[in-house]
Amino acid sequence: MKSPLLSQPGAVPAQGRDEGVAAHYGDLFREQRALAGGTGLVDLSHRGVVTVTGDDRLSWLHLLLTQHVSELPVGQAIEALILSANGHVEHALYLVDDGTTVWIHVEPGTEGELIAYLESMKFFYRVEVADRTEEFAVVHLPAGSIAEVPDGVVVRETAYGRDLFLPRGDLEKYAAEASPLVGILAYEALRVEAHRPRLGFETDHRTIPHEVGWIGSAVHLQKGCYRGQETVARVHNLGKPPRRLVFLHLDGSEVLLPGSGTPVRLAADGADGRQLGFITTSARHHELGPIALALVKRNVPVDAELLAGNTAAAQEVVVEP
């Protein structure tokens with residue numbers, strides 16, 4: 001969905017998976033500093049919004065998700081995954097329960113497949129699943145923001161800030177009140193800095209939760225059965241994931257950032273060496289310079305200097321080998 005905030009002065013449209021909102025509004029680093037300092041509003045209105053209502057909503061979702069939600073307190077934000085039978089990540093859900101409804105936002109364009117799966121699992125449970133994307137827009141206020149939340153608006157409050165499920169018709173008015181506007185590139189740069197994985201960016205069709213650091217934050221290890229749990233338990237108790245997420249400090253002398261999918265190799269082997277991984281997300285940070293997240297083979301030495309394409313990269317451990 002194309003956001004009305006793209007008509008704001010200086011707005012430059014985002015490309016790829018974030019198409020529909022602004023990449024930035026004319027000054028990427030100023031927007032990052034504002035967000036890091038606790039001011040501004042990020043337009044995430046391209047994300048899908050799904051609700052689940054009914055008396056059985058929490059007990060039913062508890063059977064399907066990787067998180068313990070059967071007794072989820074009202075207003076507590078939580079992340080959860082839906083896995084394949086083989087334990088591969090299929091969906092990432094960011095949800096909160098308001099006492100009568102579970103509100104969920106998901107990656108742009110994934111709400112249709114998610115709803116189809118949820119509908120197929122309803123059976124005799126007293127639940128109703130609805131696509132609310134056309135009615136509600138997600139906006140993000142950073143941690144420390146003093147912007148007021150309108151009465152009646154559902155909020156997911158996390159350590160990183162607040163996600164609001166705002167009526168879509170109120171988006172322009174509220175954005176003017178909660179300014180300055182911050183583009184998705186600034187939001188993504190802070191996400192990379194915080195080592196937070198994102199579905200479709202840090203994941204592919206083979207990703208299991210252990211590889212990207214979702215154990216604990218999105219996967220509860222002490223709950224009952226759910227699809228893919230056997231893989232989660234087996235890797236956690238008996239083995240190690242085949243890949244691990246790393247944070248990279250990139251050589252700042254390069255003009256272009258290595259994009260998603262750029263091969264990662266050992267610097268000692270040069271640009272023609274064996275590929276050991278790939279860039280998942282890269283960004284320009286207002287303090288750290290060019291940075292990235294990458295997935296590499298588990299056995300890559302944690303102190304090895306790397307190459308991302310032709311760009312030198314120093315790694316920090318995110319997931320232990």
Side-chain angles (χ1 to χ4, degrees), residues 1-9 11 14 18 20-22 24-25 30-53 57-58 61 67 69 72-80 92-108 111 130-191 194 196 198 217-218:
M1 300 188 68
K2 185 176 180 180
S3 171
L5 300 186
L6 284 172
S7 64
Q8 294 295 311
D18 287 320
V21 296
H24 60 83
Y25 294 89
R30 177 187 59 78
E31 294 167 32
Q32 280 190 39
R33 293 187 187 98
L35 202 61
T39 61
L41 174 145
V42 184
D43 179 9
L44 301 178
S45 62
H46 61 321
R47 293 184 64 83
V49 176
V50 177
T51 58
V52 181
T53 55
R57 65 189 184 283
L58 293 178
L61 286 170
Q67 273 287 18
V69 299
L72 183 66
V74 172
Q76 180 176 316
I78 200 166
E79 298 179 28
L93 292 70
Y94 301 83
L95 57 91
V96 66
D97 183 75
D98 69 1
T100 61
T101 303
V102 175
W103 293 79
I104 305 166
H105 69 78
V106 295
E107 287 297 326
E111 62 272 16
D131 185 349
R132 309 295 294 278
T133 308
E134 292 189 0
E135 301 170 67
F136 291 90
V138 180
V139 298
H140 176 79
L141 303 175
S145 172
I146 60 172
E148 293 187 5
V149 176
D151 291 342
V153 168
V154 176
V155 178
R156 286 188 73 252
E157 185 153 7
T158 72
Y160 305 106
R162 290 174 287 171
D163 297 336
L164 279 57
F165 293 88
L166 192 72
R168 194 167 286 274
D170 297 342
L171 180 56
E172 288 184 275
K173 179 177 182 294
Y174 185 71
E177 297 171 354
S179 61
L181 291 174
V182 174
I184 194 72
L185 289 183
Y187 181 82
E188 284 289 280
L190 299 189
R191 178 183 70 80
R196 294 165 55 204
R198 182 177 171 189
S217 64

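Predicted model, so just to flag it, every value in this text is computed and none were measured.
Atom OG1 in T53 sits 10.5 Å away from atom CG in D97 (nearest 0.5 Å). The CG atom of L6 lies 8.0 Å from the OG atom of S45; values are rounded to the nearest 0.5 Å. Considering CD of E107 and CG of L93, their distance stands at 10.5 Å, rounded to 0.5 Å. Atom CZ of residue R30 and atom CG of residue L35 lie 11.5 Å apart, to the nearest 0.5 angstrom. Interatomic distance, NE2 of H105 versus CG of D163, reported as 3.5 Å (0.5 Å rounding). In this structure, OG on S217 lies 7.5 Å from CD on Q67, to the nearest 0.5 angstrom.
Around atom CD of E148, no more than 12 heavy atoms belonging to other residues, nucleotides or ligands sit under 6.0 Å away.
The side-chain heavy atoms of L72 and L95, taken from C-beta on, include a pair separated by under 4.5 Å. V138 is not listed as a side-chain neighbour of W103, based on a closest heavy-atom distance of 4.5 Å or more. In this structure, the side chains of E111 and I104 stay at 4.5 Å or more apart for every pair of heavy atoms. The shortest distance between side-chain heavy atoms of F165 and R132 does not fall below 4.5 Å. In this structure the side chain of L44 reaches within 4.5 angstrom of the side chain of I184, judged on heavy atoms. For the pair T158 and E79, the minimum side-chain heavy-atom distance is 4.5 Å or more.
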Passes side chain to side chain contact (heavy atoms under 4.5 Å, CB included), V154 versus F136? Steps please. CA-CA 10 Å; V154 176; F136 291 90; over 6 Å; no

Passes side chain to side chain contact (heavy atoms under 4.5 Å, CB included), V155 versus V96? Steps please. CA-CA 8 Å; V155 178; V96 66; over 6 Å; no

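Checked by atom type and distance alone, the side chain of R156 pairs as donor or acceptor with a backbone atom of I78 at under 3.5 Å. R47 contributes no side-chain N or O that, together with a main-chain N or O of P108, makes up a donor-acceptor pair within less than 3.5 Å.
Remark: H46 pairs with no residue by the ring pair (Phe, Tyr, Trp, His ring centres under 6.0 Å) rule, at least two apart or across chains. Not counting sequence neighbours, the partners of A92 by the side-chain contact (heavy atoms from CB on, under 4.5 Å) test are L81, Y94, L199, W214.
Summarising the geometry of L141 relative to A147, their closest heavy-atom pair is CD1-CB, 4.1 Å, with the distance given to 0.1 Å. When all heavy atoms of Q32 and L190 are compared, the pair lying nearest together is O-CD1, 4.3 Å. The two residues L166 and P150 come nearest to each other via the heavy atoms CD1-CG, 4.3 Å. Minimum heavy-atom separation, L171 to S3: CD2-OG, 3.9 Å. The shortest heavy-atom contact between V49 and D131 is O-OD1, 3.4 Å. Across all non-hydrogen atoms, the minimal contact from A194 to Y160 is CB-CE2, 4.1 Å.
Between Y187 and H140, the ring planes lie perpendicular to each other; the angle is over 60°, past the 30° to 60° tilted range.
Ion pairing of D18 with R198 is present here, as a side-chain N (NZ or NE/NH1/NH2) and a carboxylate O approach within less than 4.0 Å.
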